[in-house]
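Hydrogens, waters and symmetry mates play no part in the numbers below; they use all other heavy atoms, side chains included. Numbers for residues simply follow the sequence, beginning at 1.
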Amino acid sequence: MELQKINVKLFVAGSAPASLEPLIGVFNSWIQAADGEYYDLADYGHVPAGPGIVLVAHDANISMDNSGDRLGLLYNRKQPLPGSNREKLRAAFVSALEYCRRIESEPMLEGRFRFAGGEALVVINDRLAAPNTDETFAEVKPDVEALAQALYAGSEFSLAREPDPRRRFGVHLKTRASFDITTLLQNVKKNLN
């Protein structure tokens, strides 16, 4: 099975800010400074438990997503990634973590958004290539375990597959250990083989 269209969601720590509106200005500034990397911005902040604020690019969409009433940064990879499944998962996580770090350090946001390092969600946005079945989980599990092992630097963790077969294939990674985004980024860059 070749994984593509990898989504990574990292959740906001503590209670979510009351408004996502400040992200509109931030994402617009990124569009203006990016020399064509980003195409557009979509504001779905008014939709309950919806996609939030979406920054549209060719390779991936980045959003502050509130699906399932859980606010977090969603990195939605659209273009193919080279390498093994393990390398693709790593690349998607590195990108997602870098965006989290960028949001946390964005001066315009004044520290409103911090991300919890002990929890992440990986979703494969391709039902044909990765149906939400036990067979898919069995095939993908070694690569997701290796990713979690690197991400959490050997700390104990759990993996749980999305149980509803009507939903996209997804795996929830969770640890009780405490990690900040910078540490997770360092871990996944140096520890995944």
Side-chain angles (χ1 to χ4, degrees), residues 1-13 51 59-104 114-193:
M1 174 180 303
E2 182 178 342
L3 299 180
Q4 293 294 348
K5 300 180 182 174
I6 299 169
N7 290 212
V8 175
K9 185 170 182 179
L10 296 149
F11 300 96
V12 169
D59 290 340
N61 292 344
I62 298 87
S63 62
M64 283 303 287
D65 174 85
N66 199 30
S67 298
D69 282 324
R70 300 270 329 266
L71 186 63
L73 179 126
L74 177 63
Y75 176 82
N76 177 0
R77 181 73 190 189
K78 300 185 294 187
Q79 296 300 316
L81 285 166
S84 68
N85 286 342
R86 197 168 291 193
E87 291 167 331
K88 293 173 194 177
L89 287 166
R90 177 183 185 213
F93 261 84
V94 166
S95 294
L97 288 163
E98 286 175 343
Y99 276 107
C100 287
R101 185 171 62 180
R102 190 172 177 187
I103 286 172
E104 284 184 343
R114 293 280 173 233
F115 295 90
E119 183 177 11
L121 178 65
V122 178
V123 174
I124 307 304
N125 196 16
D126 187 337
R127 294 173 193 267
L128 184 60
N132 191 4
T133 63
D134 289 336
E135 293 77 21
T136 299
F137 185 54
E139 191 167 339
V140 173
K141 187 177 179 183
D143 294 322
V144 177
E145 281 180 333
L147 173 74
Q149 192 75 16
L151 193 64
Y152 301 133
S155 296
E156 194 173 311
F157 63 87
S158 64
L159 303 178
R161 178 176 75 85
E162 166 58 54
D164 186 347
R166 297 171 294 177
R167 298 184 59 131
R168 296 173 297 163
F169 175 77
V171 180
H172 194 160
L173 292 69
K174 197 167 189 176
T175 183
R176 290 184 182 180
S178 179
F179 291 97
D180 61 33
I181 293 302
T182 301
T183 302
L184 290 177
L185 188 54
Q186 291 168 350
N187 289 347
V188 79
K189 281 183 173 181
K190 72 178 179 183
N191 293 328
L192 189 62
N193 297 320

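In terms of the salt bridge (charged side-chain N to carboxylate O under 4.0 Å, His left out) criterion, residue partners of Arg166 (sequence neighbours excluded) are, by chain and number, Asp164. By the salt bridge (charged side-chain N to carboxylate O under 4.0 Å, His left out) test, Glu2 is found to be paired with Lys88, residues two or more places apart in sequence or in another chain being considered. Residues passing the salt bridge (charged side-chain N to carboxylate O under 4.0 Å, His left out) test with Lys78: none are found, sequence neighbours excluded. Every residue two or more places apart in sequence or in another chain that forms a side chain to side chain contact (heavy atoms under 4.5 Å, CB included) with Asp59 is listed here: Arg77, Gln79. When the side-chain hydrogen bond (donor to acceptor under 3.5 Å, both in side chains) test is applied to Thr183, the partners found at least two apart in sequence or on another chain are Asp180. Remark: Thr136 pairs with Thr133 by the side-chain hydrogen bond (donor to acceptor under 3.5 Å, both in side chains) rule, at least two apart or across chains. Listed by chain and number, the residues in a ring pair (Phe, Tyr, Trp, His ring centres under 6.0 Å) with Phe179 are Tyr152 (sequence neighbours excluded). For Arg168, the side-chain hydrogen bond (donor to acceptor under 3.5 Å, both in side chains) criterion is met by Asn125, not counting sequence neighbours. With sequence neighbours excluded, the residues satisfying salt bridge (charged side-chain N to carboxylate O under 4.0 Å, His left out) with Asp134 are Arg161. Under the rule for a side-chain hydrogen bond (donor to acceptor under 3.5 Å, both in side chains), Arg127 has no partner lying at least two apart in sequence or in another chain.
Minimum interatomic distance between Ser63 and Pro51 (heavy atoms only, all atoms of both residues): CB-O, 3.8 Å. When every heavy atom of Ala96 is checked against every heavy atom of Tyr75, the shortest pair comes out as CB-CB, 3.7 Å. When all heavy atoms of Met1 and Val140 are compared, the closest pair comes out as SD-CG2, 3.9 Å. Closest heavy-atom contact between Ala148 and Leu159: CB-CD2, 4.3 Å. Nearest heavy atoms, Ala150 versus Asn187: O-CB, 3.2 Å. Nearest heavy atom pair, residue Leu173 against residue Val144, reads CD1-CG1, 4.1 Å.
Interatomic distance, Asn132 CG to Phe137 CZ, rounded to the nearest 0.5 Å: 10.5 Å. With rounding to the nearest 0.5 angstrom, the CG atom of Leu74 is 9.5 Å from the CG atom of Leu10. Between atom CG of residue Leu3 and atom CD of residue Glu139 there is a gap of 8.0 Å, rounded to the nearest 0.5 Å. Distance CG/Asn61 to CG/Asn7: 9.0 Å, rounded to 0.5 Å. The line from NE2 of His172 to CZ of Phe157 is 13.0 Å long, rounded to the nearest 0.5 Å. Ile6 contributes atom CD1, which lies 5.0 Å from atom CD1 of Ile124 (distance to the nearest 0.5 angstrom).
Each salt bridge (Lys or Arg N to Asp or Glu O under 4.0 Å) pair with one or both residues in residues 145-160, not counting sequence neighbours, appears once here: Lys141-Glu145. Counting only residues at least two apart or in different chains, salt bridge (Lys or Arg N to Asp or Glu O under 4.0 Å) contacts with residues 63-76 comprise Lys9-Asp65, Arg70-Glu119.
Side-chain contact between Val171 and Glu162: absent, with no pair of heavy atoms (C-beta onward) separated by less than 4.5 Å. Annotation: side chain of Thr182 is in contact with side chain of Arg101 (closest heavy-atom distance under 4.5 Å). Leu147 is not listed as a side-chain neighbour of Arg86, based on a closest heavy-atom distance of 4.5 Å or more. Side-chain contact between Val12 and Arg114: absent, with no pair of heavy atoms (C-beta onward) separated by less than 4.5 Å.
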### Query
side-chain contact (heavy atoms from CB on, under 4.5 Å) between Phe169 and Val122: does it pass, once the steps are laid out?
CA-CA 8 Å; Phe169 175 77; Val122 178; over 6 Å; no
### Query
Can Leu97 and Val188 be said to form a side-chain contact (heavy atoms from CB on, under 4.5 Å), step by step?
CA-CA 10 Å; Leu97 288 163; Val188 79; 4.0 Å; yes
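Shown here is Arg167, whose CZ atom has no more than 12 heavy atoms of other residues, nucleotides or ligands within 6.0 Å.
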